[in-house]
Asker: 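Can you read through this structure? Questions will come right after.
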Amino acid sequence: MPEAHIARTGPRILVFSTNPISDPGIDLVGSAHMRYQPGVVTIPVPCSSGIRPSWLLHAIEAGFDGVFIAADGGDCAFVPDCTTRTAKIVDTAQKLLTEHGHDPQRIKMAAICSVCAEPFVNHMEKFSAALEALEV
Amino acid sequence: MSEPRKIGVFICHCGGNISDYVDVEAVRATVEQEPDVALARTTMFACSDASQQEMIEAIHKEGLDGMVVASCSPKLHLYTFRGVADRAELNPYRYVQANVREQCSWSHREDRAGATQKATAIVRAGIAKAAASESLENFRVETLPAVLVIGAGVAGMRAAISLADLGLAVHLIERAEHPGGNLRTFGATFPNNRSGSELIQTLLEEIQQRETITLYTGAEVIERSGSAGTFRVTVRLSNAETITVPVGAVIVATGFDSYTPAEGEYGYGLPGVVTLPEFRRILDESNADGQSSAGPITVGGRPIKTIAYIYCVGSREAEDENRTYCSRYCCTATVHTALLVNARDPSVNQYHLYRDMRTYGKYELLFEQASRQGSVFVRWDPDQPPEVRGGGKRLLVSAADVLDGGDRMEIPVDLTVLVTGMVPSANEALVDTLKLPLGKTGFLNEIHTKLRPVETVINGVMIAGAAQGPKTISESVASSLAAVTKSAGLLLKGYVDLEPFVARVDAARCTGCDECLTACPYEALQKITIDGRDVVQAIPSLCKGGGACVPSCPEEAIDLMGYTNQQITSMIDAFAREVEYA
Ligand SMILES: Cc1cc2nc3c(=O)[nH]c(=O)nc-3n(C[C@H](O)[C@H](O)[C@H](O)COP(=O)(O)OP(=O)(O)OC[C@H]3O[C@@H](n4cnc5c(N)ncnc54)[C@H](O)[C@@H]3O)c2cc1C
């Protein structure tokens, strides 16, 4: 195996993004030559109000250090109260985590708009630091 | 365990955009080991014709039942590769795009090892999703060659004429007694001084010449059923009768209302304090009354010699208030009004108390002209807004001029004009009936400001004009013609194909508890009885595919096609696996 292939940097974060809004925002990080750590991976879904809380628990149990929901926020074209709905999903998922002996702070949500490249990078930095603090 | 799938994986160099930062060969060799992968190749440009042809041949030769292309963002080439699958008779919904450029090579340029590891994980997750995917079919719906246009302002009227000229029948619904909207009785408009009422009259004559347009005034939409291509809309007419019209598309052009200041806001309610639309009516009416358009201006018998305009009333309010947006039309409309006043009576002194002058684009010329004619511009800061006092014969307006050291100046005036912004037209019932999406500002919301500016998430429902947000006449007409194009694009073909990413309810698990019914704002979930059991069924043609019903189900009985529980959980598992290189 080439030596260059043994990287393992920073906490592993699963991001749920949304096709119309936050995924383009995350794309823009790359197009704009910004960066975040490669331990962050993304699953795009149509809308953040459609995420099952059990998926978040599943991710933590599978080995992710944290799950970040890059929510639609006020720009959502599917449901006007998307933020409230997504917040409820986060709330349920955090309870699920607690019940299963995980720190609920491993889940975080923030609205990421379709041009929110820099806010996304900042969120990843802050969330990584918070997760690293949890791990000690 | 079921039989392994036969998935083909194509990893794109993107001419170096990917391969300069990711060891694509290492990714290929690793994912080739996945049990569901029949073939894994790298390619210089996956989107090139030659490469697409190679994929088609591989699908046929290897009998692939799934495909993953690891390349750029799906926003660029998802449809390209779905098309490749389709041409090779592989169900296009068994295709998965793995974004290893925007979300990998370009985001981790300094970390080849990290980027390679992540790219491997992304491709594996794509393979996992493809392995859990099933063949799906679009829904083909035949469309009706007719459009319902709601609101006969300049936007709705212009749309109706163009739709008719494209061969589509039009039902034009206006709730007021007369068509024309805010411009119906309006005088000169910027930028060319064409009278608003004449403009409306011209459009009305054009409408009357077209037999395929039916105009209903005093009418309102009260019910809608069906979906894109085959709506049925019920309209209550002015005589209280109701009719139901079958249409393929709907254009909502319900316009705006002008902001009404609160009693006492900048002296509103005092004699001599009026809004800009009120002032324009005064000017227009005094013209219509036979006074020549030159000569002194009077309000309630009093001659007007000095006017103060206070800008941004009801616009650009503080973050915790309702109207944080700029109303866009008003700076230009006000300097234009000052030009009209000057043409009428050049001896009138005009003071413009503004926050920022936004006479954008070519309208800047009107601002310059007003300045040259002697209009005085005083810039105020929201921390120190102008004040209007009455009491004496004249009004006293005071303002701190931030460009002049912030000293307060007092101006005695005969008339104060509050330059009011645009607010969404009062339309709760219609918004509810059509399930129209509203933005933060309360105006109607498009799918994408830049790329899909007149479509809404409700397939077949377009929005146009100032109903979308503050717009000038030409902007309103431009958006209305865009809505015409989108409607015609939908209807002239005769059918629509809807994507199959809709909710599916597992009837065996459903307990009929109703939680999902309230989660769906589109009434796409309906109760039915199967073998004496009440269960919920999803109606594909009504489902918008947002998935809000999915987490609402306590039995986890709802899946969104393309994003099923199995697909998402197997993607998570694939991502979580450590990457060991082959
Ligand atoms: C004081 C003032 C001055 C202006 N001056 C200029 C100018 O000089 N130049 C310029 O370019 N622009 C000007 N504008 C802007 C211009 O008025 C708008 O751009 C234009 O009127 C927008 O047209 P519209 O058709 O979108 O909306 P509207 O004119 O508001 O028309 C909407 C129509 O929809 C109807 N409607 C609403 N709800 C329903 C419903 N539920 N069912 C049926 N019908 C419904 C309304 O009754 C109305 O007839 C000015 C605006 C103001 C307020």
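Scope of the values below: all heavy atoms of this structure, side chains included, with no hydrogens, waters or symmetry mates. By convention in this document, chain letters (A, B, ...) are assigned in the order of the sequence lines, proteins followed by strands, and residues within each chain are numbered from 1.
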Asker: Could you tell me which portion of B:Tyr522 (side chain, backbone, both or neither) has an atom closer than 4.5 angstrom to a non-hydrogen atom of chain A?
Answerer: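 When you check distances to chain A, only side chain atoms of B:Tyr522 fall under 4.5 Å.
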
Asker: Select one option (side chain, backbone, both, neither) describing which atoms of A:Ile89 are under 4.5 Å from chain B's heavy atoms.
Answerer: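 Only the side chain of A:Ile89 comes within 4.5 Å of chain B.
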
Asker: Between A:Pro80, A:Ser31, A:Gly74, which shows the greatest number of heavy-atom pairs under 4.5 Å with chain B?
Answerer: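 Result: the option with the highest number of such pairs is A:Ser31.
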
Asker: Quick check on the interface: out of B:Glu556, B:Lys435, B:Met571, who has the most heavy-atom pairs with chain A under 4.5 Å?
Answerer: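 Of the candidates given, the most pairs with chain A belong to B:Glu556.
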
Asker: Would you say B:Ile558 and A:Arg52 make side-chain contact, with heavy atoms under 4.5 Å?
Answerer: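 B:Ile558 does not reach A:Arg52 side chain to side chain.
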
Asker: Do B:Glu102 and A:Ile26 have side chains that approach each other closer than 4.5 Å (heavy atoms only, starting at C-beta)?
Answerer: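 No. Closest side-chain heavy atoms not under 4.5 Å.
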
Asker: Could I get the full list of side chain to side chain donor-acceptor pair (under 3.5 Å) partners for A:Arg85, not counting sequence neighbours?
Answerer: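 Only A:Asp81 meet the side chain to side chain donor-acceptor pair (under 3.5 Å) criterion with A:Arg85.
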
Asker: Does any backbone or side-chain atom of B:Ala548 lie under 4.5 Å from a heavy atom of chain A? Answer side chain, backbone, both or neither.
Answerer: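 When you check distances to chain A, atoms from both the backbone and side chain of B:Ala548 fall under 4.5 Å.
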
Asker: Does any part of the side chain of B:Leu560, heavy atoms only, come nearer than 4.5 Å to the side chain of A:Pro46, both counted from C-beta?
Answerer: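 Answer yes - side chains close enough.
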
Asker: What part of B:Leu451 gets within 4.5 angstrom of chain A, counting heavy atoms only: side chain, backbone, both, or neither?
Answerer: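 When you check distances to chain A, no heavy atom of B:Leu451 falls under 4.5 Å.
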
Asker: Name the region of A:Cys76, side chain, backbone, both or neither, that has any atom closer than 4.5 Å to a heavy atom of chain B.
Answerer: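 The answer is the backbone of A:Cys76.
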
Asker: In terms of heavy-atom proximity below 4.5 Å to chain A, should B:Ile568 be classed as side chain, backbone, both, or neither?
Answerer: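 Both parts, backbone and side chain.
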
Asker: May I ask you to test the A:Pro53-B:Pro551 pair for a side-chain heavy-atom distance under 4.5 Å?
Answerer: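 Side-chain contact under 4.5 Å: yes.
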
Asker: As an exercise, state the distance from CG of B:Asn99 to CG of A:Asp27, rounded to the nearest 0.5 Å.
Answerer: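 These two atoms lie 5.0 Å from each other.
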
Asker: Say you draw a straight line from SG of A:Cys47 to NZ of B:Lys544; how long is it, rounded to the nearest 0.5 Å?
Answerer: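 The NZ atom of B:Lys544 is 13.5 Å from SG of A:Cys47, to the nearest 0.5 Å.
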
Asker: Look up atom CZ in A:Arg12 and atom NZ in B:Lys118, then write down how far apart they are to the nearest 0.5 Å.
Answerer: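 These two atoms lie 12.0 Å from each other.
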
Asker: Strictly distance-based, threshold 3.5 Å: is any side-chain N or O of B:His108 a donor or acceptor partner for the main-chain N or O of A:Tyr36?
Answerer: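 Flag set: sc B:His108 to bb A:Tyr36 pair under 3.5 Å.
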
Asker: How long is the straight-line distance from CZ of A:Phe120 back to OG of B:Ser107, given to the nearest 0.5 Å?
Answerer: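 Going from OG on B:Ser107 over to CZ on A:Phe120, the span is 8.5 Å.
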
Asker: Any side-chain heavy atom of A:Phe78 sitting closer than 4.5 Å to one from B:Ile447?
Answerer: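 No - every pair of side-chain heavy atoms lies 4.5 Å or more apart.
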
Asker: Is the closest side-chain donor-acceptor distance between B:Asn565 and A:Trp55 under 3.5 Å?
Answerer: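 There is such a pair between these side chains.
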
Asker: Which one, B:Ile458, B:Leu438, B:Asp573, B:Thr456, leads in non-hydrogen pairs under 4.5 Å with chain A?
Answerer: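 Going by pairs under 4.5 Å, I would pick B:Asp573.
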
Asker: Charged N to carboxylate O under 4.0 angstrom, B:Lys75 versus A:Asp23?
Answerer: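 The answer is yes: the pair qualifies as a salt bridge.
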
Asker: Return the OG1 to CZ distance between A:Thr42 and B:Phe575, rounded to the nearest 0.5 Å.
Answerer: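 CZ of B:Phe575 is found 7.0 Å from OG1 of A:Thr42.
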
